[in-house]
J.: 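Mind having a look at this structure? Questions to follow.
Every heavy atom of this structure was used, including side-chain atoms; hydrogens, water molecules and symmetry mates were not.
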Amino acid sequence: MKLNHLNLTVTDVAAARKFLETYFDMTCGGSRGNSFAVMFDDNGFVLTLMSGIEVHYPKTFHIGFPQEDEAKVNQINQRLKEDGFDVKPPVHSHGYTFYVKAPGGFTVEVVC
């Protein structure tokens, strides 16, 4: 069995879309203003973004973007920092990892 899509409710579809395009190379296959966007990765995964006024994910909820190596994790971390995101340096935990709060109200893990 293969998980092929996930829907996230976000407070700002356009900002979440731009974030996913900029840092994780996702592409938008279609959108309806700031109410809906469908995002694709190179492996056939589909992430839909739907607008919601109040978004309350559990504290530990996140989506993950695995990377090839520590250098790529460091590169994304540095880029996010330079662009003004509040990110801590990666740490060795269950992998080499860090978390970032994405525009729209969800959390992303970057890990290798």
Side-chain angles (χ1 to χ4, degrees):
M1 185 182 315
K2 177 180 173 184
L3 177 66
N4 74 340
H5 92 265
L6 175 71
N7 178 77
L8 291 178
T9 302
V10 298
T11 57
D12 189 333
V13 170
R17 172 187 167 180
K18 183 178 177 192
F19 177 84
L20 294 167
E21 291 171 330
T22 301
Y23 301 104
F24 301 103
D25 298 324
M26 295 193 83
T27 57
C28 183
S31 64
R32 282 187 232 125
N34 197 38
S35 64
F36 175 81
V38 59
M39 308 298 295
F40 298 94
D41 72 6
D42 291 340
N43 297 312
F45 184 74
V46 180
L47 179 64
T48 56
L49 306 171
M50 295 182 119
S51 181
I53 295 170
E54 291 187 37
V55 176
H56 302 286
Y57 288 107
K59 183 179 177 182
T60 58
F61 176 85
H62 63 278
I63 62 172
F65 288 96
Q67 304 302 312
E68 305 84 42
D69 53 38
E70 290 186 9
K72 185 67 175 173
V73 172
N74 288 332
Q75 177 189 28
I76 295 170
N77 183 272
Q78 185 61 39
R79 211 167 145 211
L80 287 162
K81 258 188 230 175
E82 289 171 359
D83 290 347
F85 286 91
D86 181 22
V87 291
K88 293 182 175 143
V91 297
H92 289 97
S93 179
H94 55 282
Y96 188 64
T97 185
F98 73 92
Y99 296 84
V100 60
K101 189 76 161 180
F106 61 100
T107 299
V108 168
E109 178 183 18
V110 181
V111 65
C112 72

J.: Measure centre to centre between the rings of F65 and Y23, then say whether the value is under 6.0 Å.
T.: no
J.: Find out if a path of hydrophobic residues (ILVMFWY) with successive side-chain heavy-atom gaps under 4.5 Å connects M50 to L6.
T.: no
J.: Roughly how far, to the nearest 0.5 Å, is CG of D86 from NZ of K101?
T.: 11.5 Å
J.: Verify, without hydrogens or angle tests, whether R79 (side chain) and T22 (backbone) share a donor-acceptor contact under 3.5 angstrom.
T.: yes
J.: With a 4.5 Å cut-off on side-chain heavy-atom distances among I, L, V, M, F, W and Y, is there a chain of contacts connecting L47 to F40?
T.: no
J.: Using every non-hydrogen atom in the two residues, find where C28 and A37 come nearest and quote the distance to one decimal.
T.: SG-CB, 4.2 Å
J.: Within the supplied structure, the quantity of interest is the number of heavy atoms (other residues, nucleotides, ligands) at a distance under 6.0 Å from E82 CD; does it exceed 12?
T.: yes
J.: Is there a side chain to side chain contact (heavy atoms under 4.5 Å, CB included) between I63 and F106 once you walk through the steps?
T.: CA-CA 8 Å; I63 62 172; F106 61 100; 3.8 Å; yes
J.: Looking at Q67 and V110, what are the two nearest heavy atoms and their distance?
T.: CG-CG1, 3.7 Å
J.: Strictly distance-based, threshold 3.5 Å: is any side-chain N or O of Y57 a donor or acceptor partner for the main-chain N or O of T9?
T.: yes
J.: Could you grab the distance from atom CD of E70 to atom CG of N77, nearest 0.5 Å is fine?
T.: 12.0 Å
J.: Do F19 and V10 come close enough that some side-chain heavy atom pair is under 4.5 Å?
T.: no
J.: With a 4.5 Å limit on heavy-atom distance, are the side chains of L8 and F61 in contact?
T.: yes
J.: Taking C-beta and beyond as the side chain, do F98 and N74 meet within less than 4.5 Å on heavy atoms?
T.: no
J.: Nearest 0.5 Å please: distance from the CG atom of D69 over to the CD atom of Q75.
T.: 9.5 Å
J.: Could you tell me the separation between the NZ atom of K72 and the SG atom of C112, rounded to the nearest 0.5 Å?
T.: 12.0 Å
J.: Do L20 and F36 sit in the same hydrophobic cluster, where Ile, Leu, Val, Met, Phe, Trp and Tyr count as joined when their side-chain heavy atoms come under 4.5 Å apart?
T.: no
J.: If you draw a 6.0 Å radius around CG in D42, do more than 12 non-hydrogen atoms from other residues or ligands fall strictly inside?
T.: no
J.: Measuring from T97:OG1 to K88:NZ, what's the distance to the nearest 0.5 Å?
T.: 12.5 Å
J.: Considering only heavy atoms from C-beta outward, does the side chain of V13 approach that of R32 to under 4.5 Å?
T.: no
J.: Report whether I76 and Y96 are members of the same hydrophobic cluster (ILVMFWY, side-chain heavy atoms less than 4.5 Å apart, transitive linking).
T.: yes
J.: I'd like to know if the side chain of H5 and the backbone of L3 have a donor-acceptor N/O pair within less than 3.5 Å.
T.: no
J.: Could you tell me the separation between the CE atom of M26 and the CZ atom of F45, rounded to the nearest 0.5 Å?
T.: 6.5 Å
J.: Going through the distances and angles, do V46 and V38 end up as a side chain to side chain contact (heavy atoms under 4.5 Å, CB included)?
T.: CA-CA 7 Å; V46 180; V38 59; 3.4 Å; yes
J.: Looking only at heavy atoms, what is the nearest atom pair of V108 and A102, with distance?
T.: CG2-CB, 4.2 Å
J.: Is there side-chain contact between D41 and D25, with at least one heavy-atom pair below 4.5 Å?
T.: no
